[in-house]
Amino acid sequence: MSSAENKLKNSASPYLRSAAHQPIDWHEWSDAAFARAKSEDKPILLDIGAVWCHWCHVIDRESYENPDIAKIINENFIAVKVDRDERPDVDSRYQSAISAISGQGGWPLTGFLLPDGKPFFGGTYYPPEDQFGRPGFRRILLAVADSYKNKRPDLERAANSISEAVAQAEMFNGARAEFDAGVVDGQITSITQQFDIKNGGFGRSPKFPHSSAIDLVLERYQQTKEKHLLAIAETTLEKMARGGVYDQLAGGFHRYSVDEKWLVPHFEKMSYDNSELLKNYVHASLVSDKHDWEASFSDTADSIVIWVAKDLADQEHGGFYASQDADYSLDDDGDFFTWTLDEVRAVLTAEESRVIELYYDVEAHGEMHHNPAKNVLWIARGFREIAQSLQLDPHDVPAIKLKAEQKMMQARRKRPVPFIDKTMYASWNAMFVSAFLDASRVLQPSIAEMCRGLALKTMDRMLREIWSEDSGFSHRIGGPALPGSLDDQVFSVLALLDAYEATLDARYFRAAQRTMDIAIEKYGDAEGGGFFDRSSDAAPMGGLDVRRKPFQDSPTPGANSIAVIALIRMHAFTGGVRYHSLAQKTLEAFAGIAPQYGLFAATYGLAATLFAHRPIQVVITGAAGDPAATALEDSANRVYRFGKSVLRVTPGTQLEHLPLALRETLPHLPANKPLALVCSGNTCLPPTDDAAHLIAILKNGATGTASV
């Protein structure tokens, strides 16, 4: 077929549009595709990928752009292409199924389905021809087509068996148990055992960030002061920030490291990684004073914000983009981000180059396998060592390095830039709203102001464009509407509560409460507890239309655990018993399996911690602009406690949506006097005007009068 006939050319998804020129009769995921498969009695070839996925582009070039392979597909299959960012519900179900078949998942995901959508075979990337002991895609296509024609009963038995296995797995049989806050002890033990003492992070290569685990150990450290917990967070965050997994020139983190030292990354940058890592570095800056690599955790947080604001945000209208690709073409692998020794020397003076070569370990032979001359920038030496080596004044080295980096950035901007997917998804935007509002309380004033402004502008846009009283949040901001998921609702509840705490604007609170109620009504499992990922009134979705309760943190925090956190925070504001009982019921729904997930259910650990200890709420009184009140507010913001709220009340502030204990106590306090009132549950401690005492109270968990 000609490229003009390809149905993907008008797709809203950049990943699908990138296949518009291919000689394959692609369909988007739709009823029409299934109807055609049934009417023509053909199996479905399902390709699931993403615009940022390197191997997705490889299989596109090697196989889907190959006229001979395309001919086999068009004659024997109905071809369906899915963007996993656009349709996480489709991706999650077929990942489970194909993993059960082949023992592996990931992208590209290649599935073979019966016309009703039930999978019977599949894998991930296939080379076009037999190689490396692996069957080629051409041979697999022909074999599957032959089996469909001649061994249909066998395929149907396999498909039914796989579908039943997926359905059983998603039911979490045996998961329900009485909630025990001691589950967090087991998770902390598991996280500690998996911690890589030498390199930071958890386990061996490849190394992924585990942001919820970092927040969990930081919160646990605040409770217990066990120094090894702080060391886990400090070492991991420092090693990541020093490594090649961090973009040393522009800021922001790549998706993961292929090695255990965080040196060589997969270079795509994901929205959801950077929002959660921003929170980690902000929180660590409050708990730790460690800065052994001529930087600090707050410096790293600053640079994440600066990169996001420049490259991953719609500054004018509000909103955060989905991702930046690793590569600008199929012939490179991170070339935009890496440097040869000659490239460095071409843009720097001899002195600048020697400083950069030593600081970032730039040598004639670099770290990239596809091009050994290419170096990933990672911090190898400190300023003092460099000064001694080059016989420079140690105070001059930072300025030389900074000037050199500015020149390197100018040179890098002239390179072809990897594609930025400007699609905006509700859940990922909500995560950034929360992260930017978190950062706005802590980072230096100019960055903090920008964070707050962009976060609130984004939240306002989401409410204006994709929220309704009936169904909550849709999945995509801009473009054709996509039905929302559980992630879209519960992450947005947290973002709305964060926006309310930042502004005390009641419309944010009302939208948060309505969205929480929608999640309960349309996504909740009233009988078994927990929440399904799709709304009860969502359209059917093919042969794997199983009800699924997302629990594991992969790659974003598990939506059921986020729902619990949202319920707990909503209960803290409203006192509504319903929210508290549903939080407990959801925790119980997974209590039997949470321990075995360990590191991969760290968000459950955060939810369990918040449920057991209750959120801390701080109200600061006093006239607007009163320096004593500002000092109290800054002090309250300078202590990390997970789920803590800081609310700035001035004379005349509406108290309608403040927590009940605060609403009852505040009228009895002098409106113009700067005071801090700390509450947890139904109990408020005596107000204080002493910033140091306030810090001590918060570090003590607001459980009683703290010694200073």
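Residues: numbered from 1 along the sequence shown. All values below were derived from every heavy atom in this structure, side-chain atoms included, with hydrogens, water molecules and symmetry-related copies excluded.
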Practice problem: Would you please indicate if the ring centroids of H228 and F195 are separated by under 6.0 Å? | Solution: no

Self-check item: R476 side chain reached by I466 side chain, heavy atoms, under 4.5 Å
Solution: no

Quiz item: Do the side-chain N and O atoms of W467 and T515 include a donor-acceptor pair separated by under 3.5 angstrom?
Solution: yes

Quiz item: Looking at Y500 versus F573, is the centre-to-centre ring distance below 6.0 Å?
Solution: yes

Practice problem: Look at the aromatic rings of Y597 and F551 and report parallel, tilted or perpendicular, splitting at 30° and 60°. | Solution: perpendicular

Quiz item: Would you call D215-K279 a salt bridge at under 4.0 Å N-O?
Solution: no

Quiz item: Considering residues, nucleotides and ligands other than K261, do more than 12 of their heavy atoms fall under 6.0 Å from its NZ?
Solution: no

Quiz item: Are any of the side-chain nitrogens in R507 or D505 under 4.0 Å away from the carboxylate oxygens of its partner?
Solution: yes

Quiz item: Q315 versus L454: any side-chain heavy-atom pair under 4.5 Å?
Solution: yes

Quiz item: Between F600 and H210, does the ring centre distance come in under 6.0 Å?
Solution: yes

Quiz item: Going by atom types alone, do W307 and N274 pair a side-chain donor with an acceptor below 3.5 Å?
Solution: no

Quiz item: Backbone N or O of K699 within a donor-acceptor pair of the R641 side chain at under 3.5 Å?
Solution: yes

Self-check item: F491/Y272 aromatic ring centres below 6.0 Å
Solution: no

Quiz item: So, do Y425 and F320 have ring centers that fall under 6.0 Å from each other?
Solution: no

Self-check item: Closest contact, heavy atoms only, A559 versus L486
Solution: CB-CD2, 3.7 Å

Quiz item: Side chains of N280 and L277: closer than 4.5 Å at any heavy-atom pair?
Solution: yes

Quiz item: Does the side chain to side chain donor-acceptor pair (under 3.5 Å) test come out yes or no for N429 and T458, once each step is laid out?
Solution: CA-CA 8 Å; N429 268 258; T458 300; 4.8 Å; no

Exercise. List in chain and number order the residues that pass ring pair (Phe, Tyr, Trp, His ring centres under 6.0 Å) with Y640, two or more places apart in sequence or in another chain; answer none if no residue qualifies.
Key: H283

Self-check item: Evaluation steps, side-chain contact (heavy atoms from CB on, under 4.5 Å), between Y604 and L606
Solution: CA-CA 5 Å; Y604 183 90; L606 288 168; over 6 Å; no

Quiz prompt | Test side-chain contact (heavy atoms from CB on, under 4.5 Å) applied to L377 and Y359, step by step | solution = CA-CA 9 Å; L377 302 185; Y359 191 77; over 6 Å; no

Self-check item: S296 and D299: side chain donor to acceptor below 3.5 Å
Solution: yes

Quiz item: How would you list, by chain and number, every residue that makes a side chain to side chain contact (heavy atoms under 4.5 Å, CB included) with L230, sequence neighbours excluded?
Solution: L218, Y221, E234, V287, S288

Practice problem: May I have the step-by-step check of salt bridge (Lys or Arg N to Asp or Glu O under 4.0 Å) for E316 and K457, ending in yes or no? | Solution: CA-CA 9 Å; E316 182 179 356; K457 186 183 289 187; over 6 Å; no

Quiz prompt | Donor + acceptor pair across side chains of S298, S285 (<3.5 Å) | solution = no

Quiz item: Do D421 and T423 have a side chain donor and acceptor closer than 3.5 Å?
Solution: yes

Self-check item: Criterion side-chain contact (heavy atoms from CB on, under 4.5 Å) on K207 and D259, from CA distance to verdict
Solution: CA-CA 7 Å; K207 283 267 183 77; D259 62 282; over 6 Å; no

Practice problem: Looking only at non-hydrogen atoms, find the nearest pair between T224 and E226 and report the distance. | Solution: OG1-OE2, 2.9 Å

